[in-house]
Amino acid sequence: MLAFLIPVLTLTVGLVDARATDSPTCAPLVPAKMDNATVDGLLGHWVYIMGASQYPPHMAEMKELKYATYTLFPGRHEDEFNVTEIMRLNETCVVRNTSKIHVFRHNSTLVHEEGKELSMAELIHSDKDLFILKHLKDNHVGLSLSARTSKVTKEQLEEFEAQLRCHGFKQEEIFITSPKDACPAAGEEMGEGSTATAEPQQG
Ligand SMILES: *[C@@H]1O[C@H](CO)[C@@H](O)[C@H](O)[C@H]1NC(C)=O
Ligand SMILES: *[C@@H]1O[C@H](CO)[C@@H](O)[C@H](O)[C@H]1NC(C)=O
Ligand SMILES: *[C@@H]1O[C@H](CO)[C@@H](O)[C@H](O)[C@H]1NC(C)=O
Ligand SMILES: *[C@@H]1O[C@H](CO)[C@@H](O)[C@H](O)[C@H]1NC(C)=O
Ligand SMILES: *[C@@H]1O[C@H](CO)[C@@H](O)[C@H](O)[C@H]1NC(C)=O
């Protein structure tokens, strides 16, 4: 999605877990239990809301990512999803429909495959509304929050931001998307791999 979602999936940070034990309010980043209900529950449309990283290359990507939505479809095999991603990078909307997500149930890992580029994340939490990933790259860890719609509640946002701070992310390492930067619904002018500039949707 952004990298997972694309750039997003490639996020990362360093040694967050070590610091995580400092605060009693810090919910541990425990991988989700992966049963059929969990895996099937990932299908469908998601809006990438925000993420955090302390790894400069990924911070740069997240800074460019103004808005992103993605849809998971059943893929060719069990525990494989086809993914369609629509992102605004800087001013430009980009559509990708060639990436896949492979689910490894035994270790709660999702691997996003876009061409030869692989990015890995652990599923920390998913329910009917929210989808939280811990992105892993070398020794870096990142966290991201997606939701079924861009209208997450203030409480949901505050809870996730509190978690990010609790796990050692500073404000400048946290990147939030905005619905004002949404891309127009996928249409004629935005085919595979193509780009189109478009005015942000109102509302
Ligand atoms: C999970 O789904 C698979 C494939 O759809 C099915 O074969 C299996 O029986 C299901 N497992 C459970 C515990 O329902
Ligand atoms: C998923 O992608 C593969 C190509 O990688 C394609 O053959 C298949 O039809 C796609 N499945 C769906 C449901 O779109
Ligand atoms: C986005 O803008 C930044 C700063 O202007 C630039 O360095 C970067 O290459 C741009 N990225 C894309 C994907 O256009
Ligand atoms: C989970 O398992 C897969 C396949 O065995 C492996 O490629 C991946 O690195 C594992 N994930 C983590 C976080 O260790
Ligand atoms: C990706 O989009 C292109 C252009 O809209 C379409 O021709 C192609 O079939 C799509 N591929 C998949 C795997 O959905």
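We number each residue from 1, following the sequence as shown. Note that the structure is a prediction, hence the values are computed from the model and not measured. Every number for a ligand or one of its atoms is a count from 1 in the order of the listing. Side chains are part of it too, since the values below use all heavy atoms of this structure and drop only hydrogens, waters and symmetry mates.
Every atom of ligand 4 is numbered from 1 in the order shown, and the set under 4.0 Å from a heavy atom of H106 is 1 (C), 2 (O), 4 (C), 5 (O). Those atoms of ligand 2 that come under 4.0 Å of a heavy atom in K100, given as number and element, are 1 (C), 2 (O), 3 (C), 4 (C), 5 (O). Taking a cut-off of under 4.0 Å to the non-hydrogen atoms of N82, the atoms of ligand 2 that pass are 1 (C), 2 (O), 3 (C), 8 (C), 10 (C), 11 (N), 12 (C), 14 (O). The contact set between ligand 2 and P74, taken as ligand atoms under 4.0 Å from a residue heavy atom, comprises 13 (C). Distances below 4.0 Å separate heavy atoms of M120 from the following atoms of ligand 4: 8 (C), 9 (O), 11 (N).
Every protein residue with a heavy atom nearer than 4.0 Å to ligand 1 is included here: N36, E78.
Taking K116 as the reference, nothing meets the salt bridge (charged side-chain N to carboxylate O under 4.0 Å, His left out) condition, with sequence neighbours excluded. Residues satisfying the salt bridge (charged side-chain N to carboxylate O under 4.0 Å, His left out) criterion with E159, sequence neighbours excluded, are absent altogether. A search for side chain to side chain contact (heavy atoms under 4.5 Å, CB included) contacts involving F175 returns M59, M62, K63, not counting sequence neighbours.
Counting heavy atoms from C-beta outward, T177 and M50 have side chains that stay 4.5 Å or more apart. Contact annotation: the side chain of T69 approaches that of H45 to within less than 4.5 Å [non-hydrogen atoms, C-beta and beyond]. Annotation: side chain of T71 is not in contact with side chain of V83 (no heavy-atom distance under 4.5 Å). Side-chain contact between F81 and V103 is present, with at least one heavy-atom pair separated by less than 4.5 Å.
One finds the CZ atom of R165 at 8.5 Å from the CD atom of E158 (value rounded to the nearest 0.5 Å).
Using a non-hydrogen distance threshold of 4.0 Å, G75 does not register as a contact of ligand 2.
Neither L136 nor V30 shares a network with the other; the hydrophobic side chains, linked directly or stepwise wherever heavy atoms of I, L, V, M, F, W or Y lie under 4.5 Å apart, form separate groups for each.
Of the heavy atoms in L136, only side-chain atoms (C-beta onward) come closer than 4.0 Å to ligand 4.
At distances below 3.5 Å, not a single donor-acceptor pair connects side-chain atoms of D138 with backbone N or O atoms of H140.
Checked by distance only, ligand 4 and E122 stay at 3.5 Å or farther apart across all their nitrogen or oxygen atoms.
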